[in-house]
Amino acid sequence: MSKTILSLSSPFSVCNRLNPLLFYTRRRTISLSSYSRRFRFNRFTTTPIRLLTVAASSENNGVFTSPDIAKSFDFAAEERIYNWWESQGYFKPNFDRGGDPFVISMPPPNVTGSLHMGHAMFVTLEDIMVRYNRMKGRPTLWLPGTDHAGIATQLVVERMLASEGLKRVEMSRDEFTKKVWEWKEKYGGTITNQIKRLGASCDWSREHFTLDEQLSQAVAEAFVRLHEKGLIYQGSYMVNWSPTLQTAVSDLEVEYSEESGYLYHIRYRVAGGSRNDWLTVATTRPETLFGDVALAVNPQDDRYSKYIGQMAIVPLTFGRHVPIISDKHVDIEFGTGVLKISPGHDHNDYLLARKLGLPILNVMNKDGTLNEVAGLYSGLDRFEARKKLWAELEETGLAVKKEPHTLRVPRSQRGGEVIEPLVSKQWFVTMEPLAEKALQAVEKGELTIIPERFEKIYNHWLSNIKDWCISRQLWWGHRIPVWYIDGKDKEEDYIVARNANEALEKAQDKYGKDVEIYQDPDVLDTWFSSALWPFSTLGWPDSSAEDFKKFYPTTMLETGHDILFFWVARMVMMGIEFTGKVPFSYIYLHGLIRDSQGRKMSKTLGNVIDPLDTIKEFGTDALRFTVALGTAGQDLNLSTERLTSNKAFTNKLWNAGKFVLQNLPKENDISAWENILTYKFDTEDSVLNLPLPERWVVSKLHLLIESVSASYDKFFFGEVGREIYDFFWADFADWYIEASKGRLYNSGNGGNSAALMAQAVLLYTFENILKVLHPFMPFVTEELWQALPNRKHDLIVSPWPETQLPRCTSSIKKFENLQTLVRAIRNTRAEYSVEPAKRISASVVASNEVIEYIAEEKEVLALLSRLDLQNLHFMNSSPGMLSTTLCSPWVKRNADQSVHLVAGEGLEAYLPLADMVDISAEVERLSKRLVKMQKEYDGMLAKLNSPKFVEKAPEEVVRAVREKATESEEKITLTKKRLEFLNSNVLISK
């Protein structure tokens, strides 16, 4: 017997998906007068007819739209839905169902901020957590707010004033801060409204601003308590200095960029030496030579060892001498191997000078000009001085050479200017005792960091922590709560108090009633107030505040891994210090969002993706689903292709909802609705009594609910999204919706009862898909939910599905066998280009056990595979092995001229070739194709056999030809086998 055996890995295999959403029915809408939250109905002009229920308040306000009315989900509805949720009070914590509260403090975005993809990431992830726990019945509080962003805001307002011809220095402090508050009131809400656009279900009634009165009181209280414990002190140390803003800035606000510059080689004469005794120093900042206090060489460097202990003369300083010292950390290979030590202007030099007891010499004014230490260069801008200095070095013969060099330049994150390392008098917090408790919190398991690998980074930073510079020379921010005594030494006589009245009282007690005081002009680092955020926003230092008692400690802190040190670790330290408790149980760290090529988004590269533009084009749900599929701590590459794919997912949901809604009973079919509502799927018998496709999809759904619930609890959001996507698309939409059509549109074999059962399963499965997907895609799921009948709750507050629901694993395996058979038949149809609408015959061969459950669903098999139900046969042996008394002549004859499919172990099928293709025409087509392929193959072989081509052509070209030749050879072999098979069938048929 001639036959072809096709496997699922055949190169001709194509998954020929059938469109599950082919049925669309026009309808007219019945007007309704009832305002009760009961059923609402639509009547269709043709069958099937469905029941529609929505919340009365939402319907009357025109909030929701049914899939019957709209072709696709309208993104414009998102804002209406969001405002409706908020108006219903759903964002506030609800204690009706009891349980421990789930609390997240939103990382406060800068009040100057505008929405970017980093915001989209944290808002999405936090909202997923909040919505999931809200549906689980826990009182949920997502507490929002904004940060006053000292440097950023002051810079923005100064620029605004400059455009009006005004300067801050020409105004009083009160006049300037008044202008900032006016700006804040006008523009400060921009970022908040943009965050709402992402679907953030925060309790906006509890929104805070870091300069709110209550939070400002908390800041002062924290400063006073730390000072009372001896943990705050004032001193002169090396800081990052912004010459334009004339303030210290945090490490976080300094970004290093690689830029083209120069390495300047300068001669330093050895004092008392001959004309040939020079040390050549290589430096990128020659203007700092006025601040040199020593030259250092490696003691192992034979070139300079003889000079150790002698003195060198600093160029252009009128003979100032500095010692030549040895230090093993000097890199012999870098530059000339001689290091100039300028501790007033380099972090490493500063540490080295303090270790060796060298003096600190500052040559820079606060505005970036050189001071009197620079002599004739005093008053020159640092970069102007560099040019002039090098010119004079060249004139005096002390310049050796200037060579191109790539510099690592520290620039202000806010203004872009070059940051100057500068020794400055500042306020500091002693961090080591605070860090010790924060380390213990992780060790004891009181704090869990996700992903776990960041624990090592957290521990390393806290174990090597430096004191924190908390003062900033700005006018906008929390004024440092320190007051000085007029006429007294600021170093020795100052008052630390919670407010001016308390400070005056303390001063009068100590210095008499006539004492005059004035407040420190500096403000606190923005991160100082942010470190108090989880508890100051809940009422601290008033530990009796209701919110503090109910919601502290919080549950989760979610943010980017890049601020683990600058913010997260400081919150842990401050929380333990001031409340005695770790401020949250979990830290979830997300990665950065990069472009499709893995590059960081920047205006320079022109690869910035605007979330608001993305929402307009793809919808909020598609954006949220895309950014949520990443892995904790890993950067995510965002591409238009991913967004497009997830927009298609939104449309698929919408069309599936349309199908479900259009195939529910008529509104006046009370009996049908009573029967549908009697179907329950929470007992083992209720599932086992279902037909195979329904038993399969309900079992798969129950497994999905259990799996995604566990993943939600473990914060494996990427896994949750992928599992729901796969179940909805690959199982529900591609398979069950298709299978259900046999029940819905065929009146035989159970007729109406089968349709009711399918309707119940469709409704049950779809509504649970909406539930588990809601935290990811809140808008489209709520819109679809509101269109479904008999809604007792709005989706946002609907109870989460139960876990541990019954499932039948054997039925899953059985239906998978049926799927495998369908795929094999579909692939064969595609291979032979069978018309989609054409029904073909088939003989299915399997064991009696397999035949029993597949034959029972022969209508489903015929529907999904486009088989002729009248000529679909089942048997437990190959037709060729049966005698004519055991099988019909039709089966015996057609088996000899059939394509033999092996769908799986013990499951085969025979598809008559004549049903699928005109054999003679196919032989002719393949013969022509074979001739063409053979000609192309011979041409490639000729090239590869030519030494001239192989030797002279680029290697990648030769490799490509070889690969193509191998592929062509395989195709020729397969085509010959098919021709042989077809020719044998031509002979048989003749």
Crowding at CD, E452 (>12 non-hydrogen neighbours, <6.0 Å)
no
Just checking, any donor-acceptor pair under 3.5 angstrom between side chains of Q473 and Q426?
yes
Under a 4.0 Å N-O cut-off, is there an ion pair linking E502 with K506?
yes
Can you pull the ring pair (Phe, Tyr, Trp, His ring centres under 6.0 Å) pairs that have at least one residue in residues 439-460, sequence neighbours excluded?
F454-H561
Determine whether the side chains of T369 and R382 contain a donor N or O and an acceptor N or O closer than 3.5 Å.
no
Check the pair K437 / E446 against salt bridge (charged side-chain N to carboxylate O under 4.0 Å, His left out), numbers first and verdict last.
CA-CA 11 Å; K437 296 176 183 177; E446 296 171 348; over 6 Å; no
Just to verify, which of F528, Y237, W468 counts as forming a ring-ring contact (aromatic ring centres under 6.0 Å, His included) with F428?
Y237
Could you note down all residue pairs passing side-chain hydrogen bond (donor to acceptor under 3.5 Å, both in side chains) where residues 530-541 supplies at least one of them, sequence neighbours left out?
D147-S530
Sidechain N-carboxylate O distance under 4.0 Å for E255, R411
no
With a 4.0 Å cut-off, would you call E175 and K178 a salt bridge?
no
Is R225 paired with E577 through a side-chain N to carboxylate O contact shorter than 4.0 Å?
no
Row check, Y256 ring normal vs R408 NZ/CZ: under 6.0 Å, within 45°:
yes
Would you say that more than 12 heavy atoms from the other residues, nucleotides or ligands in this model lie under 6.0 Å from the NZ of K355, or not?
yes
Count the heavy atoms belonging to other residues, nucleotides or ligands that lie under 6.0 Å from OH of Y187, then report whether that count exceeds 12.
no
Ignoring hydrogens and geometry beyond distance, is a side-chain donor-acceptor pair present between E253 and S250 at under 3.5 Å?
yes
Has K184 got its NZ or CZ under 6.0 Å from the middle of the six-membered ring of F209, at an angle within 45 degrees of the ring axis?
yes
May I ask you to decide whether D203 forms a salt bridge with K92, counting only side-chain N to carboxylate O separations under 4.0 Å?
no
Checking R206 side chain against W142 main chain: does a donor-acceptor pair fall under 3.5 Å?
no
Point-to-point distance, once rounded to the nearest 0.5 Å, from NZ of K179 to CD of Q154
15.0 Å
